[in-house]
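Remember, it's a predicted structure, so these values are computed and weren't measured experimentally. Order of the sequence lines sets the chain letters (A, B, ...), proteins ahead of strands, with each chain counted from 1.
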Amino acid sequence: MRLSKFFMPILRDDPKEAEIVSHKYMLRAGMIRQESAGIYSWLPLGLKVLKKIENIVHEEQAKTGANELLMPTIQSADLWRQSGRYEDYGKEMLRITDRHDRDMLYGPTNEEMITSIFKSGVQSYKDMPLNLYHIQWKFRDEVRPRFGIMRGREFLMKDGYSFDMTPQEGKHAYNKMFVAYLRTYARMGLKAIPMRADTGPIGGDSSHEFLILADTGESEVFFDKAFYDMDWSTFEIDYDDKQAVASVVDDFTSKYAAAEEIHNQEEFDAKVPKDRQVSGRGIEVGHIFFFGTKYSKPLGALVQDAEGNQVPVQSGSYGIGVSRLVGGIIEASHDENGIIWPQAVAPFDVGIINLKSGDAATDKQCEQLYGDLQAAGFDVLYDDRDDRAGAKFARMDLIGLPWAITVGPRGVKSGMAEVKNRKSGEKTDVPFSDVGKFISQ
RNA sequence: CGGGGCGUAGCGCAGCCUGGCAGCGCAUCUGCUUUGGGAGCAGAGGGUCGCAGGUUCGAAUCCUGCCGCCCCGACCA
């Protein structure tokens, strides 16, 4: 993409409403635009990141055998009246009336609908187990939306639901998601620590929240330093191997980690030596629950087992805050000059800075490099605008692409591009023909 | 929901108290000079001063009502 043709409205000053770094940088880099309290438009740069995150979620879900579907944002109130939650949900639910005076709502979650879909499609144990998920916009009419997309009213969420015949199988489904979530976050360059969570009003047997550490996190967290030394990204796993999956879960859950609501200092002291106790602030980017039959019984989600009995299914639900992750990643990875995108979620792989647009030799060299890198499979943002060097460097740092390649008359003469690693800040002179190879390493 | 604050050009703000041509910086456009970390000079464009009503010869400014937004707290994925 040529910057001259890319809609990326950069702001030089911090918008006054932005308090935390991710909100500031997202507005300044032209990733989002606020439309209303807690409601945002996603501009091209922001949307590219959002899509990258979605893709990683899809890929990791696919490995577990989960099925993607797509449910509507608007739901009928009838469905919610049946579960009794229409009244219970309160003012957080946005209620709408259609032209026929029917009560509708903008879905804050999809348990009712997915259960209805499940019931209409599955009657036998032969169709089990099943995991259905989608990535869809949700609306919860928060009392006080804030921090940009971190606590918006409209937000993009992956929500998945598992259905199994026995508690053991249900627990395995839960464990699979536990591991899949670890892998999903790890691919985004995040260490999302699974913390035992309060099941709260939802109830159920088992629940974990995944929190990434950042000073601006909304909750205080306490955990064992040992998490820092764990293997977060490399484990390959056979999801059908119940033992292997369970042992990864055990490995993580055996170490102390809790958010403040559930934190118990006595237990913390008993399980973790003082010098390994760590506390900090965290951002919740995922939450998983295993319910057993808590919902399937009242909702009548029954299937026939091999003996012909109607039995309630074992269910669980699994959520990832997809849009929140965009902000969460920025909170976890930035410096005073801007965002530092982890490779896997960067809006572009690499940026080319033409230091002297209009200079025939420099333009030609940039065009050549731009074409070569694209041919090599890189998604390239080519800054071909006629701005001063300083402005271009500042802009490239702000949007935080992993690599920035500077091409100027000096380099054209010597045959070298200056390749800068955004994260380390390290600059290396590389012959133009070797740039692709260099940044692949 | 309680408390505090703010709505004036794309962004950041001044002007309001004490009514009298709607301004400044950045950004944008044109020209010239520049060009390896947010250039200089000269010029230009861009506004229902959040909305509605009132007071007044005259309202961004005073009064009333409404709307929107932000921050702190409580609450919450």
Side-chain angles (χ1 to χ4, degrees), chain A residues 7-20 23-24 27-30 33-40 43 89-93 107-111 138-159 197-202 207-211 217-219 259 261 282-289 317-325 327-328 336-338 353-359 362 383 385-398 404-414 416-418 420 425 427 429:
Chain A
F7 182 65
M8 191 177 80
I10 297 277
L11 299 176
R12 186 164 171 168
D13 300 316
D14 288 337
K16 64 175 173 182
E17 74 270 20
E19 287 292 312
I20 64 170
H23 193 194
K24 283 180 186 167
L27 289 168
R28 284 194 49 208
R33 195 184 90 107
Q34 181 169 0
E35 300 298 347
S36 185
I39 300 176
Y40 293 83
L43 307 185
Y89 220 92
K91 289 191 151 182
E92 267 199 17
M93 179 187 280
T109 178
N110 286 68
E111 277 91 5
K138 304 290 188 290
F139 192 92
R140 292 183 194 171
D141 202 354
E142 286 283 331
V143 188
R144 181 148 101 84
R146 63 186 124 167
F147 304 145
I149 53 149
M150 299 286 284
R151 180 168 289 283
R153 293 195 292 169
E154 187 182 52
F155 58 97
L156 189 62
M157 177 166 143
K158 173 262 173 183
D159 48 319
D198 190 355
T199 50
I202 297 177
S207 176
H208 287 90
E209 296 177 334
F210 291 80
L211 287 101
E218 290 194 83
S219 41
E261 310 85 64
I283 298 167
E284 186 184 342
V285 292
H287 202 155
I288 60 179
F289 299 91
S317 87
Y318 313 90
I320 294 179
V322 175
S323 51
R324 175 181 282 183
L325 270 167
E336 66 281 1
N337 295 318
I353 293 176
N354 182 337
L355 275 186
K356 198 164 183 180
S357 292
D359 176 76
T362 311
D383 185 349
R385 291 182 43 147
D386 184 20
D387 290 322
R388 298 180 65 80
K392 292 192 174 204
F393 288 130
R395 183 162 57 211
M396 198 60 85
D397 284 345
L398 174 64
I405 300 164
T406 302
V407 180
R410 233 152 62 187
V412 169
K413 213 170 282 175
S414 63
M416 305 288 260
E418 182 194 276
K420 179 181 157 187
K427 296 174 186 169
D429 285 332

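- Nucleic acid contact for A:Gly152: base, since at least one base atom lies under 4.0 Å from a heavy atom of the residue.
- Counting only distance, with no hydrogens or angles, the side chain of A:Arg140 and the backbone of A:Pro108 share a donor-acceptor pair below 3.5 Å.
- In this structure, A:Asp14 and A:Phe147 both approach RNA chain B, and ranking their closest nucleotides by distance from the 5' end singles out A:Asp14.
- Of all nucleotides present, none satisfies the Watson-Crick or G-U wobble test against B:rU55 with each distance under 3.5 Å.
- Listed nucleotides: B:rC70, B:rC13, B:rC72. Nearest to the side chain of A:Glu17: B:rC70.
- Remark: the separation of the C1' atoms in B:rG46 and B:rC26 is 15 Å, to the nearest Å.
- When the side chain to side chain contact (heavy atoms under 4.5 Å, CB included) test is applied to A:Lys24, the partners found at least two apart in sequence or on another chain are A:Asp14, A:Ala18.
- Nucleotides B:rU8 and B:rC70 are separated by 14 Å at their P atoms, to the nearest Å.
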Atom pairs, N/O to N/O, protein against nucleotides 1-4 of chain B, distance under 3.5 Å?
{"unit_1": "B:rC1", "atom_1": "OP1", "unit_2": "A:Lys91", "atom_2": "NZ", "d": "3.1"}

Nucleotides 45-48 of chain B: which of its N/O atoms have a protein N/O under 3.5 Å away?
none

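- The side chain to side chain contact (heavy atoms under 4.5 Å, CB included) check on A:Pro145 picks up A:Ala37, A:Glu142, A:Arg153, with sequence neighbours excluded.
- Between B:rC63 and B:rA39, the distance separating the two C1' atoms is 50 Å to the nearest Å.
- Rounded to whole angstrom, the span from the NZ atom of A:Lys16 across to the C1' atom of B:rC70 amounts to 8 Å.
- Between the NZ atom of A:Lys24 and the C1' atom of B:rC11 there is a distance of 15 Å, given to the nearest Å.
- Here the closest non-hydrogen pair linking A:Tyr40 and A:His23 is OH-NE2, 3.6 Å.
- If you take atom P in B:rG7 and the same atom in B:rG50, they sit 8 Å apart, rounded to whole Å.
- Taking the C1' atom of each, B:rG19 and B:rU61 are spaced 6 Å apart, rounded to whole Å.
- With sequence neighbours left out, the side chain to side chain donor-acceptor pair (under 3.5 Å) criterion links A:Asp387 to A:Arg385, A:Arg395.
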What protein N or O atoms touch nucleotides 33-38 of chain B N or O atoms at under 3.5 angstrom, if any, and at what distances?
{"unit_1": "B:rU34", "atom_1": "O2", "unit_2": "A:Arg388", "atom_2": "NH1", "d": "2.8"}
{"unit_1": "B:rG36", "atom_1": "O6", "unit_2": "A:Gly408", "atom_2": "O", "d": "3.4"}
{"unit_1": "B:rG36", "atom_1": "O6", "unit_2": "A:Arg410", "atom_2": "N", "d": "2.9"}
{"unit_1": "B:rG36", "atom_1": "O6", "unit_2": "A:Gly411", "atom_2": "N", "d": "3.0"}
{"unit_1": "B:rG36", "atom_1": "N2", "unit_2": "A:Glu418", "atom_2": "OE1", "d": "3.4"}
{"unit_1": "B:rG37", "atom_1": "O6", "unit_2": "A:Lys427", "atom_2": "NZ", "d": "3.4"}
{"unit_1": "B:rG37", "atom_1": "N1", "unit_2": "A:Asp397", "atom_2": "OD2", "d": "3.3"}
{"unit_1": "B:rG37", "atom_1": "N2", "unit_2": "A:Asp397", "atom_2": "OD2", "d": "2.5"}
{"unit_1": "B:rG38", "atom_1": "O2'", "unit_2": "A:Arg12", "atom_2": "NH1", "d": "3.1"}
{"unit_1": "B:rG38", "atom_1": "O2'", "unit_2": "A:Arg12", "atom_2": "NH2", "d": "2.5"}
{"unit_1": "B:rG38", "atom_1": "O6", "unit_2": "A:Arg28", "atom_2": "NH2", "d": "3.0"}

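- Taking only side-chain nitrogens and oxygens, A:Ser36 comes nearer than 4.0 Å to OP1 or OP2 of B:rC69.
- Judged as a side chain to side chain donor-acceptor pair (under 3.5 Å), and not counting sequence neighbours, A:Gln34 has no contacts.
- One C1' atom belongs to B:rG40, the other to B:rU35, and the distance between them is 12 Å to the nearest Å.
- The same atom, C1', is picked in B:rG47 and in B:rA42; the two are 25 Å apart, to the nearest Å.
- Residue-level contact check: A:Glu284 touches the backbone only, with heavy atoms under 4.0 Å from sugar-phosphate atoms and none from bases.
- Base-pair partner of B:rG2: B:rC72 (Watson-Crick or G-U wobble, both distances under 3.5 Å).
- Both A:Gly321 and A:Glu19 lie near RNA chain B, and the one whose nearest nucleotide falls closer to the 5' end is A:Glu19.
- Partners of A:Glu17 according to the salt bridge (Lys or Arg N to Asp or Glu O under 4.0 Å) rule, which considers only residues two or more places apart in sequence or in another chain, do not exist here.
- For the side chain to side chain contact (heavy atoms under 4.5 Å, CB included) test, no residue two or more places apart in sequence or in another chain qualifies with A:Ala394.
- Taking the P atoms as reference points, B:rC21 lies 41 Å from B:rU33, given to the whole Å.
- A:Lys138 is listed as a side-chain neighbour of A:Asp159, based on a closest heavy-atom distance under 4.5 Å.
- Separating the CZ atom of A:Arg151 from the C1' atom of B:rA77 is a distance of 7 Å, rounded to the nearest angstrom.
- Residues that satisfy the side chain to side chain contact (heavy atoms under 4.5 Å, CB included) test with A:Leu11, not counting sequence neighbours, are A:Pro15, A:Arg28.
- Distance, A:Arg153 CZ to B:rC70 C1': 14 Å, rounded to whole Å.
- Applying the Watson-Crick and G-U wobble criteria (two distances, each under 3.5 Å), B:rA22 pairs with nothing in any strand.
- Rounded to whole Å, the distance from CD1 on A:Ile283 to C1' on B:rA77 is 13 Å.
- Of all nucleotides present, only B:rG40 satisfies the Watson-Crick or G-U wobble test against B:rC32, with each distance under 3.5 Å.
- Phosphate contact (OP1/OP2 of B:rG68, side-chain N/O of A:Gln34, threshold under 4.0 Å): absent.
- Here B:rA77 presents its P atom at 18 Å from CG of A:Leu156, a figure rounded to the nearest Å.
- Atom CZ in A:Arg33 sits about 13 Å away from atom C1' in B:rC11, given to the nearest Å.
- In this structure, B:rG7 forms a base pair with B:rC67, meeting either the Watson-Crick or the G-U wobble geometry with both donor-acceptor distances under 3.5 Å.
- For A:Lys392, the salt bridge (Lys or Arg N to Asp or Glu O under 4.0 Å) partners are A:Asp383, not counting sequence neighbours.
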Before giving the answer on salt bridge (Lys or Arg N to Asp or Glu O under 4.0 Å), spell out for A:Asp429 and A:Arg410 the whole-Å C-alpha distance, their side-chain angles and the decisive distance to 0.1 Å.
CA-CA 12 Å; A:Asp429 285 332; A:Arg410 233 152 62 187; over 6 Å; no

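- Scanning all heavy atoms of the two residues, the minimum distance from A:Ala29 to A:Met8 falls at O-CG, 3.4 Å.
- Considering only residues two or more places apart in sequence or on other chains, A:Glu284 meets the side chain to side chain donor-acceptor pair (under 3.5 Å) condition with A:His287.
- B:rG45: no Watson-Crick or G-U partner with both key distances under 3.5 Å is found in any strand.
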